[in-house]
Amino acid sequence: MMRLLREVRMQPGLLSWRSVIVDDDEEEEQEEKLQLQSSSTSSSSSSSSSSSSSSVLVVRVAEQATSEEYGLYVWPSALLLGYYLYTHPDVVRGRVVLELGAGVGLPGITSAMVGARRVLLTDAVDAVLANCARSVALNKDKDMAGVKVCKLVWGEFDKHVEVLRQEQQRIDVVIGADVLFDEH
């Protein structure tokens, strides 16, 4: 399967990204290459969870270039929401954040990097959740310990809702980007 590894760079006044297309066999090698390149180009100006708007923030996410599943792509609103959170970190800093329909997880991972205390990345589709977990792993050079990927199906009050109850904390901020769509 063809996958797309996307590196999103945020800095004051600039949002940019680059992508690498890989086969499953090459994915680990390409992930390492992206991490090495981004750490060598931004090590002097980036910081982890205490990011300020004067530094470069690099977020890596995984996409599936050949999938028909909507949640496996970075949509424009996710880029913009991630950038908004980067430029306004006080919205999430020190708070518990729930991302609905997280897809590849860009806004939620950005929240963790700018100082959210805890982030719950949720989606309804198992393949999307697996890919979201892969996005979290792509950022293992940052502190992702407070990030959890879990299933949540809107309108179904079942075992998946129990995940939210188990948090034993209130949700302070709810975010979502391109969570509504029409299949027709």
Stepwise side chain to side chain contact (heavy atoms under 4.5 Å, CB included) check, W75 with V104:
CA-CA 9 Å; W75 292 95; V104 301; over 6 Å; no
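- For the pair K151/V153, a side-chain contact is recorded, criterion being any heavy-atom separation below 4.5 Å from C-beta on.
- If you take CG on N139 and CD on E7, they are separated by 9.5 Å, rounding to the nearest 0.5 Å.
- Put simply, the side chain of L4 does not reach to within 4.5 Å of the side chain of Q64, judged on heavy atoms.
- Considering V97, L98, L152 in turn, L98 is the only one that fulfils the side chain to side chain contact (heavy atoms under 4.5 Å, CB included) rule with L120.
- For E69 (side chain) and A127 (main-chain N/O), no donor-acceptor pair under 3.5 Å exists by modelled atom type.
- A heavy-atom distance below 4.5 Å is found between the side chains of L15 and V8.
- Residues C132 and G105 approach most closely at SG-CA, 3.9 Å, considering heavy atoms.
- Counting only residues at least two apart or in different chains, salt bridge (charged side-chain N to carboxylate O under 4.0 Å, His left out) contacts with residues 95-116 are absent.
- Closest non-hydrogen pair, V128 versus G71, comes out as CG1-O, 3.6 Å.
- With sequence neighbours left out, S16 forms a side-chain contact (heavy atoms from CB on, under 4.5 Å) with R9.
- Between I109 atom CD1 and L138 atom CG the span is 8.0 Å, to the nearest 0.5 Å.
- For the side chain to side chain contact (heavy atoms under 4.5 Å, CB included) test with M10, the passing option among L85, V56, V59 is V59; the others fail.
- Residues L79 and W17 meet the side-chain proximity criterion, which asks for heavy atoms closer than 4.5 Å.
- Annotation for R118 and A145: closest pair NH1-O, 4.3 Å, computed over non-hydrogen atoms.
- Annotation: the span from R170 atom CZ to D172 atom CG amounts to 4.5 Å, rounded to 0.5 Å.
- Linking ILVMFWY side-chain heavy atoms closer than 4.5 Å, directly or via other members, places Y84 and L14 in two distinct hydrophobic clusters.
- Under the 4.5 Å side-chain criterion, counting only non-hydrogen atoms from C-beta, I175 is in contact with S111.
- Smallest separation of non-hydrogen atoms from T122 and L129: C-CD2, 4.4 Å.
- What you find for A78 and L106 is that their closest heavy atoms are O-CD2, 3.6 Å.
- The two residues Y86 and T110 come nearest to each other via the heavy atoms N-CG2, 4.2 Å.
- Tested against V136 for a side chain to side chain contact (heavy atoms under 4.5 Å, CB included), the candidates M144, R60, K148 yield a single pass: M144.
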